Amino acid sequence: MNLKMFTLCFTCFFSAGASAFAQAQYKIKVTNLDNKTGKLYIGWYTEASTFMKPKKTALVKIIPVKDLAEITVDFEKVPSGTYAISTFLDENGNEHLDLNVLGKPKEKYGFSNNVTPAMRPANFEEAAFTVNGENKTLIIKLK
């Protein structure tokens with residue numbers, strides 16, 4: 001193999017490998033906090049089977065909030081892939097989303113793609129988006 005061919009092959013191999021490990025910076029802007037106080041939980045999930053299971057997050061941040069209408073949270077070096085985000089505001093500090101007797105959330109919550117089905121939580125497929133190495137800002141409006 002001549003040098004020119006080797007260089008071309010090496011460049012193609014390196015480019016393909018680099019894109020497989022591409023990382024991006026994501027800013028998650030959470031709105032409609034209503035100036036409440038508590039901890040905002042933001043969980044990133046990679047599979048439908050683990051979606052909204054707090055101990056199965058790919059990425060997670062817990063951010064204290066007080067008297068804010070909105071907040072932007074940075075996630076650095078997010079690997080390429082498919083993700084869905086679930087977030088909620090834990091107002092009473094018990095570390096989970098409280099539900100009423102009918103199963104409706106009593107605390108504010110939201111999903112990537114701002115999915116808000118009427119009678120159930122969003123599923124992974126509805127909230128899913130692709131990270132491909134491009135830096136982005138996602139806005140999630142709490143309900």
Side-chain angles (χ1 to χ4, degrees), residues 4-143:
K4 186 175 183 182
M5 184 61 127
F6 175 78
T7 303
L8 179 62
C9 289
F10 179 78
T11 302
C12 289
F13 176 77
F14 180 74
S15 296
S19 65
F21 298 106
Q23 295 180 337
Q25 177 181 358
Y26 266 67
K27 293 181 181 293
I28 307 302
K29 182 177 181 180
V30 180
T31 65
N32 203 31
L33 289 169
D34 289 343
N35 300 318
K36 295 187 180 246
T37 298
K39 289 185 180 177
L40 182 67
Y41 286 71
I42 304 173
W44 292 57
Y45 300 87
T46 58
E47 299 175 15
S49 63
T50 61
F51 188 54
M52 295 195 306
K53 294 182 179 172
K55 298 200 185 296
K56 303 287 184 173
T57 55
L59 302 168
V60 66
K61 286 201 178 176
I62 303 167
I63 309 296
V65 296
K66 184 176 181 182
D67 302 328
L68 297 174
E70 62 185 44
I71 190 169
T72 300
V73 180
D74 291 333
F75 285 84
E76 306 270 337
K77 299 181 181 178
V78 178
S80 293
T82 300
Y83 297 89
I85 296 175
S86 171
T87 184
F88 73 94
L89 179 60
D90 180 20
E91 295 178 52
N92 61 7
N94 67 356
E95 300 179 358
H96 68 270
L97 178 65
D98 294 323
L99 307 174
N100 67 18
V101 294
L102 300 174
K104 184 177 178 184
K106 292 163 55 174
E107 296 173 304
K108 298 180 98 32
Y109 66 95
F111 302 99
S112 45
N113 297 332
N114 286 306
V115 181
T116 55
M119 301 301 286
R120 61 174 176 78
N123 62 42
F124 181 84
E125 290 75 20
E126 293 169 325
F129 62 97
T130 301
V131 173
N132 60 9
E134 185 179 334
N135 298 341
K136 289 193 177 181
T137 298
L138 295 181
I139 299 171
I140 298 176
K141 182 179 179 181
L142 296 184
K143 181 176 177 180

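On a predicted model such as this, the values are computed, not experimentally measured, just so you know.
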Starting from the C-alpha separation in whole Å, work towards a yes-or-no answer on side chain to side chain contact (heavy atoms under 4.5 Å, CB included) for Leu33 and Leu89. CA-CA 8 Å; Leu33 289 169; Leu89 179 60; 4.2 Å; yes
Taking it one step at a time, do Tyr26 and Val131 satisfy side chain to side chain contact (heavy atoms under 4.5 Å, CB included)? CA-CA 9 Å; Tyr26 266 67; Val131 173; 3.7 Å; yes
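- For the pair Ile28/Thr72, no side-chain contact is recorded, criterion being any heavy-atom separation below 4.5 Å from C-beta on.
- Atom OG1 of residue Thr87 and atom NZ of residue Lys108 lie 11.5 Å apart, to the nearest 0.5 angstrom.
- Glu47 meets the salt bridge (charged side-chain N to carboxylate O under 4.0 Å, His left out) test with no other residue; sequence neighbours excluded.
- Looking at Tyr109 and Tyr41, their side chains never come closer than 4.5 Å, going by heavy atoms from C-beta outward.
- Under the rule for a salt bridge (charged side-chain N to carboxylate O under 4.0 Å, His left out), Glu125 has no partner lying at least two apart in sequence or in another chain.
- Other residues, nucleotides and ligands place more than 12 heavy atoms under 6.0 Å from the NZ atom of Lys143.
- The side-chain contact (heavy atoms from CB on, under 4.5 Å) test applied to Ala122 returns Phe111, Val115, Pro117, Glu126, not counting sequence neighbours.
- In this structure, Asn123 contributes its side chain and Ala127 its backbone to no donor-acceptor pair below 3.5 Å.
- Within the 4.5 Å cutoff, the side chain of Leu97 has no heavy atoms near those of the Asp90 side chain.
- Legend: residues meeting side-chain contact (heavy atoms from CB on, under 4.5 Å) with Asn135, ordered by chain and number and at least two apart, are Ala24, Gln25.
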Under the criterion side chain to side chain contact (heavy atoms under 4.5 Å, CB included), I'd like the reasoning laid out for Phe88 against Ile42: C-alpha separation, chi angles, the key distance, then a yes or no. CA-CA 7 Å; Phe88 73 94; Ile42 304 173; over 6 Å; no
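- Of all non-hydrogen atoms in Ala22 and Gly133, the two that sit nearest each other are CB-CA, 4.0 Å.
- Partners of Asp98 by salt bridge (charged side-chain N to carboxylate O under 4.0 Å, His left out), not counting sequence neighbours: none found.
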Return a table of donor-acceptor pairs under 3.5 angstrom between the side chains of residues 61-70 and protein atoms on other chains or two or more places apart.
unit_1	atom_1	unit_2	atom_2	d
Lys61	NZ	Asp74	O	2.3
Glu70	OE2	Lys29	NZ	3.3

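- Heavy atoms only, all atoms of each residue included: Asn32 and Leu142 are closest at ND2-O, 2.7 Å.
- Residues forming a side-chain contact (heavy atoms from CB on, under 4.5 Å) with Pro54 (at least two apart in sequence, or on another chain): none.
- Ring-centre distance between Phe51 and Trp44: not below the 6.0 Å cut-off.
- Under the rule for a side-chain contact (heavy atoms from CB on, under 4.5 Å), the partners of Thr46 that lie at least two apart in sequence or sit in another chain are Ala58, Tyr83.
- Within the 4.5 Å cutoff, side-chain heavy atoms of Leu40 are placed close to those of Ile71.
- In this view, Lys36 satisfies the side-chain hydrogen bond (donor to acceptor under 3.5 Å, both in side chains) rule with no residue, not counting sequence neighbours.
- Applying the salt bridge (charged side-chain N to carboxylate O under 4.0 Å, His left out) test to every pair with at least one member in residues 128-139, sequence neighbours left out, gives no pairs at all.
- Using a 4.5 Å heavy-atom threshold, the side chains of Val73 and Lys27 count as separate.
- Rounding to the nearest 0.5 Å gives a distance of 14.0 Å between NZ of Lys55 and OG1 of Thr50.
- Between Ile140 and Thr31 the shortest side-chain heavy-atom distance does not fall below 4.5 Å.
- Although no hydrogens or angles enter the test, the distance criterion places no donor-acceptor pair under 3.5 Å between the side chain of Gln23 and the main chain of Val78.
- With a 4.5 Å cut-off on side-chain heavy atoms, Ser86 and Tyr45 count as touching.
- Proximity of a side-chain donor or acceptor of Asn113 to a complementary backbone N or O of Ala128 within less than 3.5 Å is detected.
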